[in-house]
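First up is the structure itself, then whatever we jot down about it.
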Amino acid sequence: MQGHGLNSGSHPGDWLSGRALASHARGHWFEPSIAHRTSDEHGRRSEQVTTTALDVVGGDRSTVVARINGELRDLSTPVAPDDVVEAVSVDSPEGLAVLRHSTAHVLAQAVQQMFPEARLGIGPPIKDGFYYDFDMPRPFTPEDLDALEKAMVAIIKSGQRFERRVVDEGDAVRELAGEPYKLRLIGSEGGADVMEVGGLELTVYDNVDAKTGERCWGDLCRGPHVPDTRYIVPNAFKLMRTAAAYWLGDQRNEQLQRVYGTAWPSKDDLRAHLAFLEEAEKRDHRRLGAELDLFSFPEQIGSGLAVFHPKGGVIRRVMEDYSRIKHEQGGYEFVNSPHITKGQLFEQSGHLDWYSDGMYPPMQLDAEIDADGTVRRQGVDYYLKPMNCPMHSLIFGARGRSYRELPLRLFEFGTVYRYEKSGVVQGLTRARGFTQDDAHIYCSREQMAAELDSLLTFTLNLLRDYGLDDFYLELSTRDPEKSVGTDEEWTEATEALRASAEVQGLDLVLDEGGAAFYGPKISVQAKDAIGRTWQMSTIQVDFQTPQRFDLEYQGPDGTRHRPVMIHRALFGSIERFFAVLLEHYAGAYPPWLAPVQVVAIPVTDAHNEYLDGVAGRLREHGVRVEVDTADDRMQKKIRTAQKSKVPYMLIAGDDDVAAGAVSFRYRDGTQKNGVLVEEAVTEIVDAIAKRTQV
RNA sequence: GCCGCCUUAGCUCAGUGGUAGAGCAACGCACUCGUAAUGCGUAGGUCCGGGGUUCAAGUCCCCGAGGCGGCUCCA
């Protein structure tokens with residue numbers, strides 16, 4: 001009972017502000033019939049009938065809040081005759097967020113029941129659920145989560161009402177004397193973003209026992225909430241994990257203990273969500289990488305540094321080969337640059353000043369120091385390169401350049417090393433050594449728009465060739481605080497990017513102020529087979545590097561001009577793209593990418609020789625084929641091949657040998673028997689050439 | 001980097017402070033079989049590394065490495 005809290009509500013951007021929030025709400029124009037305005041100037045309840053939003057749109061428990069004149073409000077909100085009242089369903093994004101937010105309150109109440117010393121942080125709804133932060137005497141354990149879930153169910157079943165109460169700042173401060181973090185929210189800390197009190201008033205949501213009317217708990221919160229805790233379905237929420245999190249997301253602040261939960265309108269929805277998580281886990285590239293023998297991270301090499309095994313190496317090589325061909329056709333020229341460089345290069349580029357924390361520390365060479373510590377000869381620092389752009393810029397500047405050479409497109413599979421902080425390294429998606437499919441395009445200001453336009457088309461087509469086809473684009477614009485260059489340059493580049501994006505007819509999301517210091521950026525976001533979004537390609541305009549490297553070309557008028565530089569990586573990094581494709585396909589690659597495209601399975605070892613011949617025919621066409629001559633039964637070989645996710649199994653027994661045929665078994669278990677060898681070869685070679693999935 | 005958890009055979013995992021286990025994979029032998037596991041056998045271990053407590057440590061404590069989940073970060 002001692003816990004009074006403020007809830008700052010949600011982080012902006014996590015919900016409600018997302019694009020294209022389809023509303024399931026129905027609109028109602030309230031017709032005044034029996035209602036009377038009831039509030040007197042002292043706010044006392046009168047005996048008159050109060051008409052609330054619930055009266056207008058409620059009754060159905062799937063309606064959790066109302067939108068009154070466009071604002072989300074509690075169902076208990078009184079409405080006036082000319083108010084426009086819409087029901088907001090728990091199935092809508094807004095309604096679901098309210099359900100999750102209310103569930104977060106129940107969690108916080110349960111935590112303070114079990115741990116009276118716990119102090120409240122913030123507890124917003126997020127994608128798929130909610131979290132709540134607590135200052136705890138000790139971290140939560142998995143057993144705590146079980147116990148908290150049970151306590152939450154008890155709270156839910158007791159049917160506490162969420163009651164909104166407006167408080168003035170003085171009352172709020174008194175009421176929340178025991179909640180230091182909430183007090184800090186009431187003060188200026190965190191700003192309006194976190195306060196979320198509508199900018200006008202502070203409100204507390206009290207949890208009131210349905211039977212006794214006793215106030216059980218409360219939290220300062222903008223709301224709105226579901227009418228009572230029974231709107232939360234006891235078996236449709238689950239506490240997922242605990243983690244530490246910095247107060248207000250700032251590394252300099254205290255670390256609080258965060259509990260993540262998920263909550264849904266129904267048990268089936270929860271079950272579907274858990275099934276999705278299970279599917280995602282099955283596809284996890286770290287798991288599949290080991291299962292399919294594609295790559296590993298030997299501890300002896302170091303964190304975040306992968307080795308690719310033969311099967312992973314094949315996939316990687318095919319990915320690179322295809323990309324090379326496309327880049328060659330796209331007018332790129334291929335360059336190479338070393339992995340290490342003197343630090344001076346990164347001083348010139350500016351990276352050493354800004355990003356040295358993210359670089360491996362230098363190797364000092366050639367220094368001579370006496371026994372007494374006197375430096376006899378100054379050494380030179382060499383660094384592993386964390387990016388390729390300075391090297392490409394040196395190539396551009398290696399000789400005088402003509403406008404006739406532009407756009408000059410320099411491409412390299414450039415391996416870079418970044419000293420990622422230990423806690424962020426994650427499989428192939430966040431490694432310390434990785435290879436970018438990196439290119440830098442040097443062009444004139446006049447060429448920039450057309451170049452960006454064709455580049456974006458090139459990018460999307462390449463991604464489509466690898467099997468990704470559901471995209472949206474994100475445009476990151478200038479942060480005036482952290483950027484260089486003139487307004488004119490930025491506007492021109494940003495508009496060129498925007499225009500090129502619009503040509504594609506894809507959704508374009510604005511990432512205000514998200515650009516790097518040197519220029520605006522477009523990134524391609526791709527959805528994978530189970531609907532997860534990955535940031536793939538990035539295209540950045542850079543005015544800064546050409547200046548730092550004093551890059552020039554001679555124009556048709558004979559004067560020197562500064563080129564514009566476009567950075568672009570389509571895979572981002574090969575390793576990361578490898579991981580995305582692996583998860584996208586769940587290891588069941590289309591034939592052109594599959595490390596082993598065909599496994600030939602003899603019914604008995606008497607048919608080995610025949611299948612060796614078939615395999616030979618396939619190899620003539622460059623097909624990656626293996627004959628399984630192991631001392632196993634045929635069924636076992638099928639199982640083995642199936643588990644390795646090979647696209648084609650070719651089986652042959654006496655019947656096939658007699659007919660000069662083979663029998664197909666596909667990954668989905670279907671079969672096609674008695675196919676003449678030549679037809680089988682054609683089918684397989686054809687699918688590989690066309691890069692189709694089977 | 002910060003917080004929490006984890007690390008036992010190639011993989012997935014059991015294992016009360018008292019002599020290290022299983023399944024799969026590998027290898028050998030037998031079996032010769034028509035669309036997801038034939039049988040029998042063999043081998044495989046610095047219990048992540050180092051230090052400590054203890055008569056005794058895979059097990060308890062400390063330090064380090066690596067991993068996982070988050071936070072912060074991601075040129």
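Values below: every heavy atom of this structure, side chains too, minus hydrogens, waters and symmetry copies. Throughout, a chain's letter reflects where its sequence line sits, starting with A, and its residues are numbered from 1.
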Q | Residue matched to B/G23 through Watson-Crick or wobble contacts both under 3.5 angstrom | A | B/C11

**Q.** Identified pairing partner of B/C40, criterion: Watson-Crick or G-U wobble below 3.5 Å
**A.** B/G28

Q.
I need the CG-P distance between A/Asp631 and B/G39, as an integer number of Å.
A. 13 Å

Q: Look at the rings of A/Phe543 and A/Trp490 and say which category their plane angle falls in: under 30° parallel, 30 to 60° tilted, over 60° perpendicular.
A: perpendicular

Q: Give none if B/U54 has no partner; otherwise give the nucleotide forming a Watson-Crick or G-U wobble pair with it, both distances under 3.5 Å.
A: none

Q | Distance, C1' atom - from B/C24 to B/A43, rounded to whole angstrom | A | 15 Å

Q) B/G28 P sits how many Å from A/Asp632 CG, rounded? A) 12 Å

Q. Whom does B/U35 pair with, Watson-Crick or G-U wobble, provided both distances fall under 3.5 Å?
A. none

Q: Please determine if a side-chain N or O atom of A/Ser303 lies less than 4.0 Å away from the OP1 or OP2 oxygen of B/G67.
A: yes

Q | Interatomic distance at C1', B/U59 relative to B/G15, whole Å | A | 9 Å

Q) What is the base-pairing partner of B/G45, counting Watson-Crick and G-U wobble geometry with both distances under 3.5 Å? A) none

**Q.** Contact nearer the 5' end of RNA chain B, comparing A/Glu291 with A/Thr604
**A.** A/Glu291

Q) Considering only the C1' atoms, how many Å lie between B/A75 and B/C3, rounded to the nearest integer? A) 27 Å

**Q.** Pair A/Gln436-A/Arg568, side-chain donor/acceptor within less than 3.5 Å
**A.** no

Q) Taking for each residue the nucleotide of RNA chain B with the nearest heavy atom, is it A/Arg432 or A/Gln642 whose nucleotide lies nearer the 5' end? A) A/Gln642

Q: In whole angstrom, give me the gap between the P atoms of B/G21 and B/U42.
A: 15 Å

Q.
Pairing check on B/G17: which nucleotide meets the Watson-Crick or G-U wobble criteria with it, both distances under 3.5 Å?
A. none

Q) With respect to the phosphate group of B/A36, does any side-chain polar atom (N or O) of A/Arg665 fall under 4.0 Å of OP1 or OP2? A) yes

Q) Looking for any heavy atom pair under 4.0 Å, which part of the strands does A/Gly519 touch: base, sugar-phosphate only, or nothing? A) nothing

Q | Selection from B/G34, B/G1, B/G69 that lies nearest to any side-chain heavy atom of A/Ser422 | A | B/G1

Q: For the pair A/Tyr132 and A/Phe134, name the ring-plane relationship: parallel under 30°, tilted 30 to 60°, perpendicular over 60°.
A: parallel

Q. Quantified in whole Å, what is the P atom distance between nucleotide B/A9 and nucleotide B/A36?
A. 33 Å

(Q) Output the rounded distance in Å from CG (A/Asp284) to P (B/U12). (A) 12 Å

Q: Can you tell me the distance, in whole Å, between the CG atom of A/Leu611 and the C1' atom of B/U32?
A: 15 Å

(Q) Just by distance, no angles: are the side chains of A/Gln544 and A/Asp542 close enough, under 3.5 Å, to form a donor-acceptor pair? (A) no

Q) Are side-chain heavy atoms of A/Thr629 and A/Asp605 found at a separation under 4.5 Å? A) no

Q. Taking atom types as modelled, is there a side-chain donor on A/Gln257 or A/Arg138 under 3.5 Å from an acceptor on the other?
A. no

Q. Between A/Glu143 (CD) and B/G4 (P), how many Å, whole number?
A. 16 Å

Q) Quick one: A/Gln257 CD to B/C5 C1', roughly how many Å, whole number? A) 12 Å

Q.
Over all strands shown, is A/Asp357 touching base, sugar-phosphate only, or nothing at heavy-atom distances under 4.0 angstrom?
A. nothing

(Q) Tell me which nucleotide, if any, is Watson-Crick or G-U wobble paired with B/G69 when both distances must be under 3.5 Å. (A) B/C3

**Q.** Same-atom distance (C1') from B/A22 to B/U8, integer angstrom
**A.** 12 Å

Q: Using a 4.0 Å cut-off on protein heavy atoms (strictly under), produce a 5'-to-3' string for nucleotides 70-75 of chain B with B for base contact, S for backbone-only sugar-phosphate contact, and - for none.
A: BBBBBB

Q: Quick one: closest heavy-atom pair of A/Tyr417 and A/Gly433, and the distance?
A: CD2-CA, 3.7 Å

Q | Rounded distance (Å) that lies between atom P of B/A37 and atom NZ of A/Lys636 | A | 10 Å

Q.
Categorize A/Ser663 for me: base, sugar-phosphate, or nothing, with a 4.0 angstrom heavy-atom threshold over every strand shown.
A. base

Q) Does the B/A36 base have a donor-acceptor partner in the side chain of A/Arg633 within less than 3.5 Å? A) no

Q.
Distance check, C1' atoms only: B/C47 and B/G58, in whole angstrom units.
A. 5 Å

Q) When rounded to the nearest Å, what value does the distance between P atoms of B/G17 and B/U12 take? A) 25 Å

Q. Looking at the side chain of A/Arg286, which of B/A65, B/G34, B/C68 is the nearest nucleotide?
A. B/C68

Q | CD (A/Glu609) with more than 12 external heavy atoms under 6.0 Å | A | no

Q.
Counting neighbours of OH on A/Tyr419 that are heavy atoms of other residues, nucleotides or ligands and sit closer than 6.0 Å, is the number greater than 12?
A. no

Q. Which whole-number value in Å describes the distance from A/Tyr666 OH to B/U35 C1'?
A. 13 Å

Q.
Is it the case that the ring center of A/Trp247 lies less than 6.0 angstrom away from the ring center of A/Tyr181?
A. yes

